[in-house]
Amino acid sequence: MDGIKTLNRFRPYAPFLLRLAFGYQLLDAAGHTALHPAEGIPGYADWLKSLGFPFPVLSAILSAYTEFVGALLMIAGLWTRPAAFLLMINFLFAVLMGHLAIQDTYKNTFPALNLFAMSVFLLLNGPGKPSFDEGFRTDKRADGPF
């Protein structure tokens with residue numbers, strides 16, 4: 001049982017590794033579109049239009065910047081739960097309308113599904129340590145609002 005106690009001491013740091021891994025994945029996926037909007041947004045909007053998304057240009061802009069800014073916030077552990085909530089909505093639409101609705105393969109759906117699951121995890125669990133959210137908390141209870 002001492003091994004379990006030792007591992008439990010490191011439990012607050014586990015989300016940090018997940019935030020780094022999934023944050024990098026998200027930056028890699030959304031970075032080009034967000035940082036080069038003249039190149040990335042029109043193609044993304046055309047794809048969304050082909051899927052039947054309303055307001056495809058606006059949807060592409062919102063999605064790209066939600067993913068990019070969300071990735072930065074996820075990595076930093078800053079405003080983690082609000083960012084995770086927005087990412088969860090983004091990836092729910094991605095999974096349902098961008099993959100399942102067109103009967104995409106599981107292999108192609110997997111990255112969006114992983115990012116959806118990670119967003120739900122961070123929304124429910126919080127960022128863990130180290131994170132800006134943990135450092136700026138005035139109320140150190142685990143069940144605080146953020």
Side-chain angles (χ1 to χ4, degrees), residues 7-146:
L7 288 176
N8 279 338
R9 286 189 9 229
F10 296 104
R11 188 174 182 187
Y13 300 94
F16 175 65
L17 296 174
L18 295 174
R19 288 188 355 248
L20 288 181
F22 284 96
Y24 176 77
Q25 177 187 350
L26 195 48
L27 276 180
D28 185 53
H32 180 77
T33 303
L35 294 175
H36 305 284
E39 298 170 15
I41 296 294
Y44 192 15
D46 288 343
W47 180 67
L48 292 176
K49 185 177 180 180
S50 75
L51 296 174
F53 271 81
F55 311 106
V57 174
L58 180 61
S59 296
I61 291 168
L62 288 174
S63 177
Y65 287 100
T66 297
E67 291 177 14
F68 184 71
V69 173
L72 294 175
L73 293 172
M74 181 188 300
I75 290 169
L78 177 64
W79 299 326
T80 306
R81 286 185 162 152
F85 178 74
L86 294 174
L87 287 167
M88 180 186 72
I89 292 169
N90 183 76
F91 286 108
L92 179 63
F93 278 104
V95 168
L96 294 177
M97 293 181 70
H99 295 284
L100 294 180
I102 63 168
Q103 298 177 340
D104 203 357
T105 65
Y106 179 72
K107 182 180 179 181
N108 290 340
T109 307
F110 191 66
L113 192 58
N114 277 342
L115 289 163
F116 172 77
M118 183 63 199
S119 299
V120 171
F121 172 80
L122 288 174
L123 178 64
L124 298 176
N125 188 74
K129 296 178 181 181
S131 68
F132 282 98
D133 288 346
E134 291 290 325
F136 292 123
R137 263 193 181 162
T138 56
D139 179 3
K140 296 294 185 186
R141 293 178 306 150
D143 60 346
F146 293 100

Identify each donor-acceptor pair in which a side-chain atom of residues 9-22 lies under 3.5 Å from a protein atom, sequence neighbours left out, and give them as a table.
unit_1	atom_1	unit_2	atom_2	d
Arg19	NE	Met74	O	2.7
Arg19	NH1	Pro127	O	2.7
Arg19	NH1	Pro130	O	3.2
Arg19	NH2	Ile75	O	3.1
Arg19	NH2	Pro130	O	2.9

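- Closest approach of Ser119 to Phe91, counting heavy atoms only: OG-CD1, 4.5 Å.
- No side-chain donor from either of Thr66 and Asn90 sits under 3.5 Å from a side-chain acceptor of the other.
- One finds the CG atom of Leu72 at 9.0 Å from the CG atom of Leu26 (value rounded to the nearest 0.5 Å).
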Output a table of donor-acceptor pairs, distance under 3.5 Å, between side-chain atoms of residues 35-52 and any protein atom two or more places apart or on a different chain; print 'none' if there are none.
unit_1	atom_1	unit_2	atom_2	d
Glu39	OE1	His32	NE2	3.2
Tyr44	OH	Ser63	OG	2.6
Ser50	OG	Trp47	O	2.6

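- For Tyr65 against Ala34, the heavy-atom pair with the smallest separation is OH-O, 2.8 Å.
- Counting all heavy atoms, side chain and backbone alike, Trp79 lies closest to Asp133 at N-OD1, 2.7 Å.
- Summarising the local packing, CZ of Phe85 is surrounded by 12 or fewer heavy atoms from other residues, nucleotides or ligands at distances under 6.0 Å.
- Leu62 meets the side chain to side chain contact (heavy atoms under 4.5 Å, CB included) test with Leu58; sequence neighbours excluded.
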Extract all donor-acceptor atom pairs below 3.5 Å that involve side chains of residues 107-118 and protein atoms in other chains or at least two apart in sequence.
unit_1	atom_1	unit_2	atom_2	d
Asn108	ND2	Asp104	OD1	2.9
Asn108	ND2	Thr105	OG1	3.3
Thr109	OG1	Thr105	O	2.8

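- More than 12 heavy atoms of other residues, nucleotides or ligands lie within 6.0 Å of CZ in Phe53, so this atom counts as buried by the packing criterion.
- Minimum interatomic distance between Leu122 and Ala84 (heavy atoms only, all atoms of both residues): CB-CB, 3.9 Å.
- Closest non-hydrogen pair, Gly77 versus Ser131, comes out as O-CB, 3.6 Å.
- Atoms CD and CD, on Glu67 and Gln25 in that order, are 10.0 Å from each other to the nearest 0.5 Å.
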